[in-house]
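One structure is given below, encoded as structure tokens.
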Number of protein chains: 2
Amino acid sequence: MRIGDLAEKSGLSTDTLRYYEKIGLIPRPLRDGGGRRVYDRTILRWIEFLDRLKATGMGIRDRLRYAELRTLGSASLAERRRMLEDHRRKVAADIARLTETLGVLDDKVDLYRRMEAGETVDPAFESCARTEHGAPPIQDSSSHDSSSGARPRADSGP
Amino acid sequence: MRIGDLAEKSGLSTDTLRYYEKIGLIPRPLRDGGGRRVYDRTILRWIEFLDRLKATGMGIRDRLRYAELRTLGSASLAERRRMLEDHRRKVAADIARLTETLGVLDDKVDLYRRMEAGETVDPAFESCARTEHGAPPIQDSSSHDSSSGARPRADSGP
DNA sequence: TTACGGGTTGGAGTGCACTCCAGGTCAAGC
DNA sequence: GCTTGACCTGGAGTGCACTCCAACCCGTAA
């Protein structure tokens, strides 16, 4: 498999593949007679996994570290496992945050829909509506909830 | 509230707050006699919401657009709603992907744990193990699964 | 044999999202 | 009056993750 084929199969550009090789994310492949890179299919699985780590928010430093450990073979198993466990925790936390946000978005969409329909907004949502309305600069200190916390929405599940 | 207080309350740096103002993410605040920014508490809700959009993967362009729409008041309600609906879809897709990854990570951690214990790895996981082992370059075409697809793991639930 | 399509290299450029800095102003406390 | 600390401005610098480019090489089909 040459770089063009791998690019097509992996969804990365040839430039990106060469870049990943340069920084050490993927191993240097063999070359053919003409000096061109020849990849073996197993690289695809690795690229896919890297992509997954990236897509779930693992930065390049950690991916590099993981790639480096991988080249050390089984001696690095425990550390790789620890890295994955750490990452798992982060992913779980992200899911929680995203799920919470789903609720916030649903609430807001709902509110906007009702406002579009010309409906008077429930006082419980006033602060939210005002915030999202391009609030004219009001600098009094008398709005109806205190400065920190007390958001009246946001935690109704997805 | 001056910029330092807002920084403390919002968790952003004063530099970041000024930067957000410069690019138009947050409205220009009033100034006191000495030319210093004076914020009203409502800005915190907006910053919080922006942060949520950012944390859930909305890029700066879209956040800017949303901020711009916000300044237009109720005339932009429908478009803002559409933006949020679009974003909601992306967030839902992200959750799905993250959840899938949680499963992949669990499988891998499991596998590593067993390998650390010196256990012989189930043939069904061989490809995975090989991939994650710093596979020596094999360029035959006879490994046990065909080039595309057929991953024996990764889709067992969260 | 020549054109072409795909490969090679090193290095420069891009876009995002800040972050830092120099050099200055201002208000309050000692 | 002077120092201190928070603030001001414009602009430069940073780190990530590519992305593009010029100039070259190689193998194959027409």
Side-chain angles (χ1 to χ4, degrees), chain A residues 1-40 43 46-68 83 87 90 94 97 139, chain B residues 1-40 43 46-68 83 87 90 94 97 139:
Chain A
M1 199 172 19
R2 295 198 321 208
I3 200 167
D5 308 311
L6 182 57
E8 200 181 334
K9 282 184 186 163
S10 68
L12 301 174
S13 70
T14 57
D15 274 327
T16 300
L17 287 169
R18 280 187 287 256
Y19 164 71
Y20 277 6
E21 180 185 327
K22 191 163 76 184
I23 63 170
L25 262 189
I26 59 179
R28 310 182 159 279
L30 299 173
R31 302 295 180 116
D32 67 10
R36 289 173 299 192
R37 292 167 176 81
V38 176
Y39 294 96
D40 121 57
I43 194 75
W46 172 234
I47 289 174
E48 233 170 69
F49 185 64
L50 275 179
D51 223 58
R52 203 175 260 289
L53 292 180
K54 185 193 153 195
T56 54
M58 187 185 281
I60 205 157
R61 251 165 237 275
D62 284 349
R63 276 179 287 150
L64 269 175
R65 174 74 183 140
Y66 190 87
E68 191 195 327
M83 283 190 75
H87 189 56
K90 279 177 205 146
D94 284 351
R97 183 163 207 178
Q139 76 259 34
Chain B
M1 200 173 18
R2 295 198 320 207
I3 199 168
D5 308 312
L6 182 58
E8 199 181 334
K9 281 184 187 160
S10 68
L12 301 174
S13 69
T14 56
D15 275 327
T16 300
L17 287 170
R18 279 188 288 257
Y19 164 71
Y20 277 6
E21 180 185 326
K22 191 163 76 185
I23 65 171
L25 264 189
I26 59 178
R28 308 181 160 280
L30 300 172
R31 301 295 180 116
D32 67 10
R36 290 174 300 192
R37 292 167 178 82
V38 177
Y39 295 95
D40 121 58
I43 194 74
W46 172 236
I47 290 174
E48 233 170 69
F49 186 65
L50 275 178
D51 222 57
R52 204 175 260 288
L53 292 180
K54 186 193 154 195
T56 54
M58 186 185 281
I60 206 157
R61 251 164 236 276
D62 285 348
R63 277 178 288 151
L64 267 175
R65 174 75 184 140
Y66 190 87
E68 191 195 328
M83 283 190 75
H87 189 56
K90 279 178 205 146
D94 283 351
R97 183 162 206 178
Q139 76 260 34

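Only a predicted model underlies this, so the values are computations on that prediction, with no experimental measurement involved. We name chains A, B, ... by the order of the sequence lines, and we start the count at 1 in each one. Values reported hereafter were calculated over all heavy atoms of this structure, with side chains retained and with hydrogens, waters and symmetry mates removed.
- Across the protein-nucleic acid pair, B:R31 atom CZ and D:dT9 atom C1' stand 10 Å apart, rounded to whole Å.
- Distance alone, capped at 3.5 Å, is enough to place a donor-acceptor pair between the B:D5 side chain and the B:R2 backbone.
- To the nearest angstrom, P of C:dT19 lies 11 Å from CG of B:L17.
- Contact check, B:R61 against C:dC16: a side-chain N or O comes under 4.0 Å of OP1 or OP2.
- Going from atom NZ of B:K22 over to atom P of D:dA12 covers 11 Å, rounded to whole Å.
- Not one side-chain nitrogen or oxygen of B:T14 sits closer than 4.0 Å to the OP1 or OP2 atom of D:dC7.
- Between the B:R63 side chain and the B:M58 main chain, a donor and an acceptor come within less than 3.5 Å of each other.
- Using a 4.0 Å heavy-atom cutoff across all strands shown, B:R18 reaches at least one base atom of the nucleic acid.
- Atom pair A:D32:CG and D:dC25:P shows a separation of 16 Å (rounding to whole Å applied).
- The distance between atom OH of A:Y19 and atom C1' of C:dG10, rounded to the nearest whole Å, is 16 Å.
- Under a 4.0 Å N-O distance rule, the pair B:R18/B:E21 does not qualify as a salt bridge.
- Side-chain N/O atoms of A:R2 include one lying less than 4.0 angstrom from OP1 or OP2 on C:dG7.
- Residue whose closest nucleotide on DNA chain D sits further toward the 5' end, between A:L25 and A:G33: A:L25.
- With C:dA27, C:dT8, C:dT19 as the choices, the nucleotide that has an atom nearest any side-chain atom of B:R36 turns out to be C:dA27.
- When the C1' atom of D:dC18 is taken as reference, atom CD of A:E21 falls 16 Å away, rounded to whole Å.
- Regarding contacts with the backbone of C:dC18, a side-chain N or O of B:K54 is found under 4.0 angstrom from either OP1 or OP2.
- Looking at A:T56, its side chain does come within 3.5 Å of a backbone N or O of A:R52 through a donor-acceptor pair.
- One can place CD1 of A:I23 at 15 Å from P of C:dG10, the figure rounded to the nearest angstrom.
- Proximity of a side-chain donor or acceptor of B:W46 to a complementary backbone N or O of B:P27 within less than 3.5 Å is not detected.
- Counting to the nearest Å, the P atom of D:dC25 and the CZ atom of A:R37 are 17 Å from each other.
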